[in-house]
Amino acid sequence: MLIRNRPGWWMPDSAATPREVFLNRRAFMAATGVSVAGALLPAGIARADSDDPTADLYPAPRNESFELDREITPQKYNLAFNNFYEFGSHKQIAKDAQALKIRPWEVKIDGDVEKEMTLGIDELIRKMTLEERLYRHRCVEAWSMAVPWTGFPFSRLVALAAPLSRAKYVRMETFYNPIMAPGQKQFWYPWPYVEGLTIEEATNDLAFLVTGAYGEPVAKQMGAPLRLATPWKYGFKSIKSIVRFTFTAERPRGLWEEILPTEYGFWANVNPDVPHPRWSQADEEVLGTGERVPTQLYNGYGEQVASLYSGYEGEKLFM
Ligand SMILES: Nc1nc2c(c(=O)[nH]1)N[C@H]1C(S)=C(S)[C@@H](COP(=O)(O)O)O[C@H]1N2
Ligand SMILES: [Mo]
């Protein structure tokens with residue numbers, strides 16, 4: 001599936017886009033004083049479906065132990081500026097992503113577990129207790145947001161799965177349907193989107209499975225009906241629209257690692273002192289504000305997660 005001999009023109013859009021966005025932004029701001037993210041917002045951008053079968057669960061109570069050091073990014077930015085390559089390799093996929101059919105939606109739990117199972121998304125969500133958490137989100141492209149996610153701790157799903165002791169990792173997979181999601185016709189990406197965590201990471205309290213955002217079911221373009229939020233890692237780890245969790249002894253290879261292992265690794269922990277091979281990670285554009293702020297080690301979550309990495313010092317923890 002993976003095309004190792006790519007055509008000479010090929011480069012990931014994730015590399016091409018930010019520079020263009022920033023250059024355009026500068027030119028646009030110089031002319032008008034308005035940031036480009038604001039300028040790109042189409043009118044009437046879709047939110048969650050009002051007939052979502054779990055709509056009654058929102059808004060969920062906020063867990064106040066997760067505090068932000070900045071304003072929440074207004075919902076309109078998160079609805080209109082997305083990475084979701086299944087619908088295109090640019091940020092304006094919100095309209096096309098409305099083709100994502102989120103019911104029925106089954107989630108499979110398999111691999112090294114006591115008993116494999118497949119659950120309907122509504123059954124899974126109603127087994128859990130939803131809460132709201134305010135998290136920062138730092139994309140590897142050096143922009144960031146602050147989002148009120150709703151969901152449940154990943155540790156609750158691990159408990160439900162009851163992994164066997166030989167399982168060391170959890171591999172997650174997005175849906176595969178190139179008719180619904182035409183980006184998946186781009187054969188040089190090894191679809192479906194895959195990501196992975198160690199079980200220690202997945203059971204760390206910060207690892208959060210997202211079902212909602214901004215006090216309502218999560219919008220399709222943001223990864224409905226179930227996505228990951230691992231705020232101490234670069235955004236590409238936060239896989240969207242998950243259909244499968246596989247517990248395994250083998251370290252999973254994510255879609256980006258599969259394509260460009262010299263730039264995107266398994267760990268992908270945020271670190272301002274370790275530049276991406278093609279750009280600095282020292283600071284980030286705060287979406288919607290036009291500001292740049294210094295990036296923090298583990299995106300500011302070191303107290304909760306740094307201990308996960310003792311014993312792995314020899315590995316590339318920050319790419
Ligand atoms: N399935 C899937 N998940 C994905 C992506 C993707 O293209 N496909 N992009 C990732 C990247 S690079 C980022 S920054 C976040 C973006 O989430 P947002 O659109 O809600 O900001 O989703 C991540 N999860
Ligand atoms: Mo990203």
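First listed ligand is number 1; within each ligand, the first listed atom is number 1. Sequence positions, counted from 1, serve as the residue numbers for this chain. Just so it is clear, the values below take in all heavy atoms, side chains as well, and ignore hydrogens, waters and symmetry mates.
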### Query
At a non-hydrogen distance cut-off of under 4.0 Å, which region of N78 contacts ligand 1 (side chain, backbone, both, or neither)?
side chain
### Query
Any donor and acceptor pair, going by atom type alone, linking the side chain of W267 with main-chain N or O of Y309 inside 3.5 Å?
no
### Message
So, 4.0 Å and heavy atoms of K237: is ligand 1 close enough to count as a contact?
### Response
no
### Query
Numbering the atoms of ligand 1 from 1, which are under 4.0 Å from a heavy atom of N82?
18 (P), 19 (O), 20 (O)
### Query
To the nearest 0.1 Å, how far is atom 3 (N) of ligand 1 from its closest protein heavy atom, and which atom is that?
K240 N, 3.0 Å
### Task
Let me know which of L119, T211, V107, L209 forms a side chain to side chain contact (heavy atoms under 4.5 Å, CB included) with I125.
T211
### Query
In terms of atom number and element, which parts of ligand 1 are under 4.0 angstrom from non-hydrogen atoms of C139?
14 (S)
### Task
Would you mind telling me if ligand 1 is within reach of the side chain of T174, the backbone, both or neither, using heavy atoms under 4.0 Å?
side chain
### Task
Provide the number and element of each atom of ligand 1 under 4.0 Å from a heavy atom of F236.
10 (C), 11 (C), 12 (S)
### Query
Does some side-chain heavy atom of Y169 sit less than 4.5 Å from a side-chain heavy atom of F247?
no
### Query
For atom 7 (O) of ligand 1, what's the nearest protein heavy atom and its distance?
Y85 N, 2.7 Å
## Note on the structure
d(R47 CZ, Y214 OH) to nearest 0.5 Å is 11.5 Å
### Query
Taking 4.0 angstrom as the limit, do E201 and R251 come out as a salt bridge?
no
### Task
Output the list of atoms in ligand 1 that are nearer than 4.0 Å to some heavy atom of F84, sorted by atom number.
1 (N), 6 (C), 7 (O), 8 (N)
### Message
Give me the residue, atom name and distance of the protein heavy atom closest to atom 21 (O) of ligand 1.
### Response
M145 CE, 3.2 Å
### Query
What protein heavy atom sits nearest atom 20 (O) of ligand 1, and how far off is it?
R227 NH1, 2.7 Å
### Query
Can Q296 and D69 be counted as having a side-chain donor-acceptor contact under 3.5 angstrom?
yes
### Query
E141: heavy atom below 4.0 Å from ligand 1, yes or no?
no
### Query
So, does Y135 use its side chain to make a donor-acceptor pair with the main chain of L206 at under 3.5 Å?
yes
### Query
When you check the side-chain N and O atoms of Q92 and Q221, is any donor under 3.5 Å from an acceptor?
no
### Query
What do the steps show when you test W105 against L100 for side chain to side chain contact (heavy atoms under 4.5 Å, CB included), and what is the final call?
CA-CA 11 Å; W105 188 278; L100 177 60; 4.0 Å; yes
### Message
Checking a contact table here: which protein heavy atom is nearest atom 6 (C) of ligand 1, and how many Å away?
### Response
Y193 CE1, 3.3 Å
### Task
Report yes or no: does S238 have a heavy atom closer than 4.0 Å to ligand 1?
yes
### Message
Quick check on R171: does its CZ atom have over 12 non-hydrogen neighbours (other residues, nucleotides or ligands) under 6.0 Å away?
### Response
yes
### Query
Does the N or O separation between E86 and ligand 1 drop below 3.5 Å for any pair?
yes
### Summary
the protein heavy atom lying closest to atom 13 (C) of ligand 1 turns out to be G235 O, 3.6 Å
### Task
Distance to 0.1 Å, residue and atom name: give those for the protein heavy atom nearest to atom 14 (S) of ligand 1.
H137 NE2, 3.3 Å
### Query
Do P163 and D112 come within less than 4.5 Å of each other through their side chains, counting heavy atoms only?
no
### Task
Starting from atom 9 (N) of ligand 1, locate the nearest protein heavy atom and write down its residue, its atom name and how far away it is, to 0.1 Å.
N83 O, 3.3 Å
